[in-house]
Number of protein chains: 2
Amino acid sequence: MNVREQIEEMAEGFTPAERKLASALLSDYPFAGLETIQSFAEKTHTSAPSITRFVSKLGCSGYQEFQRRLIDELKERKHSPVDLRDDAMPVGDGFLRRFLERSSDVVTRVSEGVTEDQFERVLELLSDDKRNVFLIGGRMSDPIAQTLSRHLRQIRRDVYHMPPDPEIWPEYLLRVRSRDIFVIVDFRRYEKRLSDLAELAAEKRGARVLLITDKWLSPVAEHAAEVMAIPIESGTAWDSYCGALALVEALITAVAEQDWEATTKRIGGWEALRPNYGAVDDES
Amino acid sequence: MNVREQIEEMAEGFTPAERKLASALLSDYPFAGLETIQSFAEKTHTSAPSITRFVSKLGCSGYQEFQRRLIDELKERKHSPVDLRDDAMPVGDGFLRRFLERSSDVVTRVSEGVTEDQFERVLELLSDDKRNVFLIGGRMSDPIAQTLSRHLRQIRRDVYHMPPDPEIWPEYLLRVRSRDIFVIVDFRRYEKRLSDLAELAAEKRGARVLLITDKWLSPVAEHAAEVMAIPIESGTAWDSYCGALALVEALITAVAEQDWEATTKRIGGWEALRPNYGAVDDES
DNA sequence: TATTAAATGTAATGAAAATTTCAATGTCAA
DNA sequence: TTGACATTGAAATTTTCATTACATTTAATA
């Protein structure tokens with residue numbers, strides 16, 4: 001239950017000092033409760049012990065837990081209302097429509113976690129063809145990593161997608177040179193094998209690890225040179241990786257544009273090598 | 001000035017540890033910065049001193065002042081009647097921002113190509129566990145198909161992802177019963193092998209083909225029972241599959257919600273079977 | 001490869017914050 | 001008026017937190 005609601009409910013049983021606290025808190029909710037216990041005490045002309053008693057009456061084990069609750073409430077209000085907000089939104093209330101709305105929200109919010117600057121740095125690394133690039137993702141996120149792999153392979157050389165089975169990794173790891181790149185995609189339900197891999201790659205082989213993860217940060221972060229933390233919550237029980245895909249596509253596009261002739265030449269040559277049951281039709 | 005803006009501005013002069021901190025903070029802004037200095041340090045795999053140095057670089061006399069600034073920002077935003085999120089959403093016109101803008105547009109436009117009605121029909125088919133489901137995508141679009149495969153496999157039985165090599169297909173095709181489902185994802189640079197497969201599956205084996213393609217329609221359409229034509233042009237030289245991913249995720253979510261107990265039970269059992277080097281940490 | 005400078009974490013320190021104890025104060029009923 | 005009880009804050013205590021100093025590691029350059 002909401003702290004505010006709880007206070008209103010319990011208001012009967014409060015002592016005078018507690019009522020002071022309650023009204024101070026409610027009048028500047030929840031920020032009054034985010035100060036230190038003593039400045040809150042001072043402001044309300046009560047004392048720290050009174051506050052301790054007050055919050056424990058509210059069922060918190062201490063002032064800190066109380067503050068955590070307030071913060072969590074704020075956080076929730078800020079993160080969830082994607083859907084609640086847009087009852088004022090345009091038309092269409094079908095499932096698909098609503099879902100798409102949220103997905104597109106996740107996409108735009110990517111920029112909250114990745115600055116243009118960081119984007120540039122990553123771009124720089126991925127474009128440097130003196131470095132090998134190794135990629136891998138988690139069970140559910142590997143498709144994202146694969147998208148990057150496949151496109152990157154069209155653009156540059158020395159791109160290797162790691163197989164899912166750790167047994168086979170050594171074979172790849174031996175090929176890793178210092179300063180090579182590891183791109184790891186790992187979203188919640190983090191997988192230990194990935195952080196193990198990151199550790200090996202970074203510590204033993206001197207590779208740079210670029211991590212794409214969510215705001216709870218995969219343990220891979222420990223070994224990562226760049227952490228791109230992007231939103232994956234779409235408000236449903238299931239996460240959305242649309243943001244991740246958008247980021248990856250942005251990287252691909254940027255790397256390709258970085259050196260345009262080289263890319264077209266490469267893709268051209270590559271097209272020529274396709275067996276002719278390959279493309280059927282390319283133009284509208 | 002806003003802490004967020006300041007961080008983006010000063011990004012150049014940051015050390016690696018500071019960058020980690022910056023991206024962790026930005027991805028869960030401003031709440032990541034409201035924890036105690038040590039839990040923030042732990043979460044980002046840096047150390048408390050690094051944070052102290054980081055915030056002092058930001059012009060704060062200490063961690064506490066830094067927190068005060070964050071809280072004051074929250075407060076201000078809260079009290080101004082405008083959108084709660086406005087402030088958190090960085091504006092700007094860097095490459096990434098512009099790209100994301102377009103991607104999110106592609107996502108919302110999916111509903112132009114797929115009606116709620118069609119969505120329902122497809123949903124129905126995918127939920128029907130008396131039908132086998134086979135999936136495959138093109139060279140670049142297979143990751144989309146894989147996303148669907150992998151999630152679907154958590155939800156229901158009899159899901160088979162087709163290998164890319166046509167040589168192996170007969171083995172699968174023999175297993176196809178009449179009224180089974182084929183999900184094929186094929187975007188421009190259509191591949192002949194896919195339409196061959198569609199033909200075999202539909203005409204010879206009596207399967208229903210569900211096609212996810214773009215507005216120029218893959219030749220697979222000829223054999224498809226449902227054609228979902230979605231936007232893939234993001235305005236760059238490269239296509240964006242974000243719309244496709246969003247659609248696929250919507251399907252997954254809807255199928256899962258269709259029969260919720262069955263799904264949780266299935267996922268639960270499935271979790272229990274994971275070797276314990278599986279998940280590492282799941283909570284924030 | 002050796003040398004230097006920068007970056008980073010460990011551990012020690014000092015500061016402050018929160019909690020507990022306890023005595024003082026006020027309130028109410030007998 | 002007095003005694004029992006509840007409320008309260010001062011002071012002491014304990015805990016937690018942030019910072020500083022320093023040693024180690026890492027990266028950069030010659």
Side-chain angles (χ1 to χ4, degrees), chain A residues 10-22 24-25 32-71 121 124-125 128 130-131 177-181 198-199 201-209 221-227, chain B residues 10-25 32-71:
Chain A
M10 302 179 71
E12 323 276 299
F14 286 156
T15 69
E18 285 163 352
R19 275 194 289 273
K20 275 193 202 171
L21 291 169
L25 178 56
L34 295 181
E35 318 190 41
T36 67
I37 198 171
Q38 39 258 33
S39 57
F40 189 24
E42 196 176 336
K43 219 181 220 172
T44 54
H45 306 288
T46 61
S47 66
S50 295
I51 295 176
T52 297
R53 289 186 284 260
F54 175 66
V55 300
S56 81
K57 222 175 213 174
L58 256 38
C60 304
S61 72
Y63 191 66
Q64 325 218 67
E65 183 182 315
F66 169 74
Q67 291 191 317
R68 270 258 74 74
R69 269 180 76 183
L70 293 177
I71 289 175
R121 281 195 308 274
E124 197 62 41
L125 290 170
D128 183 349
K130 281 194 280 300
R131 305 173 193 263
R177 295 193 314 258
S178 170
R179 326 187 115 211
D180 279 357
I181 313 280
E199 182 170 4
E203 320 304 341
K204 296 270 188 272
R205 311 292 312 182
R208 301 225 172 175
V209 174
E222 191 175 349
H223 312 289
E226 294 287 348
V227 177
Chain B
M10 302 180 72
E12 324 269 312
F14 285 157
T15 69
E18 285 164 352
R19 267 179 259 146
K20 276 191 195 177
L21 291 169
S23 78
L25 178 58
L34 295 181
E35 316 189 41
T36 66
I37 198 170
Q38 41 257 39
S39 55
F40 189 25
E42 195 177 337
K43 193 168 160 192
T44 54
H45 306 284
T46 61
S47 64
S50 293
I51 296 176
T52 298
R53 288 185 284 259
F54 176 66
V55 301
S56 81
K57 223 174 213 175
L58 255 39
C60 304
S61 71
Y63 191 66
Q64 326 221 68
E65 184 184 316
F66 168 74
Q67 291 192 317
R68 272 259 74 74
R69 272 181 73 184
L70 293 177
I71 289 175

Which residue lies more 5' along DNA chain D, comparing B/Arg53 with B/Ala48 via nearest heavy atoms: B/Ala48
Given DNA chain D, 5'-ward residue of the pair A/Ser47 and B/Gln67, judged by closest heavy atom: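 Between the two, 5'-proximity favours A/Ser47.
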Can you name the nearest heavy-atom pair linking A/Ile51 to A/Ile37, along with the distance?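 Minimum heavy-atom contact is CD1-O, 3.3 Å.
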Between [atom2] on [N] and [atom1] on [X], what's the gap in Å once rounded to a whole number?
{"X": "A/Phe54", "N": "D/dG9", "atom1": "CZ", "atom2": "P", "result": "14 Å"}
{"X": "A/Glu42", "N": "D/dT8", "atom1": "CD", "atom2": "C1'", "result": "17 Å"}
{"X": "A/Ile37", "N": "C/dT20", "atom1": "CD1", "atom2": "P", "result": "10 Å"}
{"X": "A/Glu65", "N": "C/dA17", "atom1": "CD", "atom2": "C1'", "result": "17 Å"}
{"X": "B/Phe40", "N": "D/dA18", "atom1": "CZ", "atom2": "C1'", "result": "15 Å"}
{"X": "B/Lys20", "N": "D/dT26", "atom1": "NZ", "atom2": "P", "result": "12 Å"}
{"X": "B/Arg19", "N": "C/dT8", "atom1": "CZ", "atom2": "C1'", "result": "14 Å"}

Looking at the side chain of [X], which of [options] is the nearest nucleotide?
{"X": "A/Thr15", "options": "C/dG9, D/dT7, D/dC17", "value": "D/dT7"}
{"X": "A/Arg179", "options": "D/dT19, D/dA28, C/dG9", "value": "D/dA28"}
{"X": "B/Tyr63", "options": "D/dA10, D/dA18, D/dT7", "value": "D/dA18"}
{"X": "A/Thr36", "options": "C/dA18, D/dT19, C/dG9", "value": "C/dA18"}

Inter-residue atom distance B/Gln38.CD - B/Glu42.CD, 0.5 Å rounding: 9.0 Å
For the atom pair CZ (A/Arg131) and CZ (A/Arg179), what is the distance rounded to the nearest 0.5 Å?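 So the CZ of A/Arg131 and the CZ of A/Arg179 are separated by 6.0 Å.
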For [N], does either OP1 or OP2 sit under 4.0 Å from a side-chain N or O belonging to [X]?
{"X": "A/Arg208", "N": "D/dA27", "answer": "no"}
{"X": "A/Gln38", "N": "C/dA18", "answer": "yes"}
{"X": "A/Ser50", "N": "D/dG9", "answer": "yes"}
{"X": "B/Gln64", "N": "C/dA17", "answer": "yes"}

With nearest nucleotide decided by heavy atoms, which residue, A/Glu35 or B/Phe14, maps closer to the 5′ end of DNA chain C? B/Phe14
Angle class for the B/Tyr63/B/Phe40 ring planes (parallel below 30°, perpendicular above 60°, tilted otherwise)?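 Answer is tilted, since the angle falls between 30° and 60°.
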Under the 3.5 angstrom rule, does the side chain of B/Lys57 hit a backbone N or O of B/Gly13 as a donor-acceptor pair? yes
